[in-house]
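Reminder, nothing fancy here: chain letters follow the sequence lines and each chain counts from 1.
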Protein chains: 2
Amino acid sequence: MPELPAFDVMTATCPSRTSLARVANKWTAMVVIALSADRMRFRDLRATVDGISSKVLTETLRDLERDGIVIRHVYAEVPPRVEYELTALGRTLHAPIHALGSWAEDHISEVLAARESYDARQCP
Amino acid sequence: MPELPAFDVMTATCPSRTSLARVANKWTAMVVIALSADRMRFRDLRATVDGISSKVLTETLRDLERDGIVIRHVYAEVPPRVEYELTALGRTLHAPIHALGSWAEDHISEVLAARESYDARQCP
DNA sequence: GGTGGCTGGTTACCGATGGTGAGTGTAGGG
DNA sequence: CCCTACACTCACCATCGGTAACCAGCCACC
């Protein structure tokens, strides 16, 4: 009865594909990494995730909230305070995404070397 | 002398950021997953990664080749034959990306449930 | 009561990016 | 002589991500 995964990210129409598309995204990755340490407010996230715009951060957070990965806490204060936090589901995403971020940092020298030799080969 | 990572994906200007952007991408993820099993030719990749266009597959593969993640084998035959294979560096990327793909497949039901309740809350 | 600041957005706009469909070059087969 | 197979490449749109500017609500200050 343990049916093998009826879900396959390789299939264009499979819902898991749209989920992969959301999760395999640089902004998603950085927001999840930032939130994995602690819940944060909007402006701190914006500062931590260097280079993200308000609009894109808003959209990213709303999509993540819709998918049940982050939760939004609104405090009726002045000035307004809104905090974002990973849900239990979001915390399960931390390991894979953190691994990806670490990969980028750990292997950047190899990537840069590969680029250099590729570019040298292309335009002699 | 083992300096701690001078690289930080959270910094917009850090090279590792551009690397993360390439690697945290749905097409990249699917191509790497497809190639992790075995080297493949172009048309088989196109068939495996359901929904990708020739143009986008070509671009993705060229970027991955430039970053030293895949290697291109060209056979001077007619009709032409080109095979793509993960490099050693590419194979180190398999685990993180595969984890992400599995996450998407494993948690899709929770994601779909979250979406449903979110959408119900938004427009009653 | 006007001004400015704080916060978490929203909006208009615009260039980049993804996607489509058609075309290209080569050689063997019919 | 033409058709097919394969791996692209190109011209063309549609869509999307990104930027900059603005907004709402409340307070403190003048």
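Considering CD1 of A:Ile71 and CD of A:Glu83, their distance stands at 12.0 Å, rounded to 0.5 Å. Annotation: the span from B:Ile52 atom CD1 to B:Thr60 atom OG1 amounts to 4.5 Å, rounded to 0.5 Å. Atom CD1 of A:Ile69 and atom CD1 of A:Ile97 lie 7.5 Å apart (nearest 0.5 Å).
Of the candidates C:dG9, C:dT7, D:dG18, C:dT7 carries the atom nearest the A:Arg43 side chain, counting heavy atoms from C-beta on.
Axis angle between the ends of the helix from C:dG1-D:dC30 to C:dG30-D:dC1, five pairs each and rounded to 10 degrees, works out to 30°.
For DNA chain C, no neighbouring residue in residues 27-40 of chain A is found when judged by any heavy atom under 4.0 Å. Residues of residues 52-62 of chain A that place a heavy atom closer than 4.0 Å to DNA chain D, in numerical order, are A:Ser53, A:Lys55, A:Val56. Contacts with DNA chain D (heavy atom under 4.0 Å) in residues 10-21 of chain B: none are found.
Rounded to a whole Å, the OH atom of B:Tyr75 is 18 Å from the C1' atom of D:dC8. When the C1' atom of C:dG18 is taken as reference, atom CG of B:Asn25 falls 11 Å away, rounded to whole Å. Atom pair A:Phe42:CZ and C:dG8:C1' shows a separation of 6 Å (rounding to whole Å applied).
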Counting only pairs under 3.5 Å, give me each side-chain donor-acceptor contact of residues 109-116 of chain A, with atom names and distances, residues two or more places apart or in other chains.
| unit_1 | atom_1 | unit_2 | atom_2 | d |
| --- | --- | --- | --- | --- |
| A:Glu110 | OE2 | A:His107 | ND1 | 2.8 |
| A:Arg115 | NE | B:Asp67 | OD1 | 2.7 |
| A:Arg115 | NH2 | B:Asp67 | OD2 | 3.4 |

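Distances shorter than 4.0 Å separate some side-chain N or O of B:Tyr84 from OP1 or OP2 on D:dC8. Between A:Arg41 and C:dG8, a side-chain N or O to OP1/OP2 separation shorter than 4.0 Å is present. Proximity of A:Arg81 to the phosphate of C:dG9: no side-chain N or O atom is located under 4.0 Å from OP1 or OP2.
Within the 4.5 Å cutoff, no side-chain heavy atoms of A:Asp44 are placed close to those of A:Tyr84.
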List every contact pair, protein side and nucleotides 23-28 of chain D side both N or O, where the distance is under 3.5 Å.
none

